There are 2 protein chains.
Amino acid sequence: MSSPRERIINTASILFHQQGYNSTGINQIISEANVAKASFYQHFKSKEALCIAFLNARHEYWFSELLSFVAKAEHSKAKLLNAFDFIIQMNQKENFRGCSFLNILSEISKEQDDILSVIQAHKNDLRSFFEKEIGDELLSAHIYLLFESAIIESQLFKSNELVEKSKKIIDSLI
Amino acid sequence: MSSPRERIINTASILFHQQGYNSTGINQIISEANVAKASFYQHFKSKEALCIAFLNARHEYWFSELLSFVAKAEHSKAKLLNAFDFIIQMNQKENFRGCSFLNILSEISKEQDDILSVIQAHKNDLRSFFEKEIGDELLSAHIYLLFESAIIESQLFKSNELVEKSKKIIDSLI
DNA sequence: TTATAAACAGACAAGTCTGTCTGTAATATT
DNA sequence: AATATTACAGACAGACTTGTCTGTTTATAA
């Protein structure tokens, strides 16, 4: 069996993503992770610290999945279209729960800048990904914006309709 | 002085929008609205009912503000650009707190479909607004997607940078 | 002026939350 | 084998949550 720390992160990943950050308590996390409360606070000094550890783990996971999904294609345009197919795959896998980072963004208060920084760093990495792939500054911002709304709108309407539309738009754009 | 119901909605509007839905308790709302708890539950059967009343009030307010802002322009293209200037105005007015509807979307659980329906209705109205203004189906979806991400990204980065970029994109698009 | 309605204050129940603490059991290292 | 570390169980504090309830005061209407 994995270490307590791993079990906590894995359980928190599922629960935060499924129920939201504020709606998930430490007690539920440690109970489902089979970890004692004292052990939890030995690894994480607070719930906020766990949140940051979760976001970092999520960043690693999500990005490597995106990259390997995109790598299936050869040319730049096909890679971009694959990125949107990646959204569709994740929607199915995770029941249209949207983006962990943006979900938590909506839940945190002004005081929690530590968390905000991690979210911003993640999205800056995503922006850089598109910039490297596309080159042109304005066009890559354009694609990034469509990518972001494609995720959110599929969460909102529980449907891939606007992801598909985004693909059509990009097809006519590039 | 206004009625208790009005005071509750007004206070909840500020607090939900500033602190988030789950982080705002009934006790804080009634205390800042100067309303007795019994009076609150005479007007709203639950916090969820208040949430729906708030979203409806927000819908009315936000949409009429958008329409009057857009009406300043004559032609279709100028109206669309004005819609993005409306985002900039609201960002300044409300400290980059983003969209109330999408914020609450991130906080609710699977079971709260009543709230989800109100959010979806709001966004469908927004989509219709762009469709009426533009005509073309795919293009109006395109503008809608850019509009949505413009709001979210300005909340995320506490900046109007990507709203301005969206305006440039639309300028070259139409 | 009397009767009806609405808003008031605030205690209370029953549950949640995070974080601390005590003490025991299992595991690693020397 | 003895020591040091790590994880365990779970009680506890203190503060929060939503919603109910009792009783009082104010405002409206007959």
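Nothing here was measured: the structure is a model prediction, and the numbers come from that model. Numbered from 1 within each chain, the chains take letters A, B, ... in sequence-line order.
Per the geometry, CD belonging to A/Q28 stands 8 Å off P belonging to C/dC17, to the nearest Å. Atom OH of A/Y41 is separated from atom P of D/dC12 by 18 Å (rounded to the nearest Å). Between A/F40 atom CZ and D/dT6 atom C1' there is a gap of 17 Å when expressed in whole angstrom units. The interatomic distance linking B/N22 (CG) with D/dT17 (C1') rounds to 11 Å, in whole Å. When the P atom of C/dG10 is taken as reference, atom CD1 of B/I26 falls 19 Å away, rounded to whole Å. Rounded to whole Å, the distance from CG on B/N27 to P on D/dT20 is 14 Å. Between B/K47 atom NZ and D/dT18 atom P there is a gap of 5 Å when expressed in whole angstrom units. Residue B/I29 contributes atom CD1, which lies 8 Å from atom P of D/dT18 at whole-angstrom precision.
Taking the side chain as every heavy atom from C-beta outward, B/C51 and B/L55 approach each other to under 4.5 Å. In this structure, A/L126 and A/W62 have side chains that are in contact, with non-hydrogen atoms separated by less than 4.5 Å.
For the side chain to side chain contact (heavy atoms under 4.5 Å, CB included) test with B/F84, the passing option among B/I151, B/I143, B/N160 is B/I143; the others fail.
Within the 4.0 angstrom heavy-atom criterion, no nucleotide atom of any strand lies near B/S31.
Distance alone, capped at 3.5 Å, places no donor-acceptor pair between the B/K123 side chain and the A/L156 backbone. At least one donor-acceptor pair under 3.5 Å links the side chain of B/K79 to the backbone N or O of B/A73.
Using a 30° and 60° split on the angle between ring planes, A/H59 and A/H122 fall in the perpendicular class, above 60°.
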Below 3.5 Å between N/O atoms, which protein atoms pair up with nucleotides 5-9 of chain C? Just atom names and distances, please.
residue : atom : partner : partner atom : Å
C/dA7   : OP2  : B/H43   : NE2          : 3.3
C/dC8   : OP1  : B/N34   : O            : 3.2
C/dC8   : OP2  : B/A36   : N            : 3.4
C/dC8   : OP2  : B/S39   : OG           : 3.2

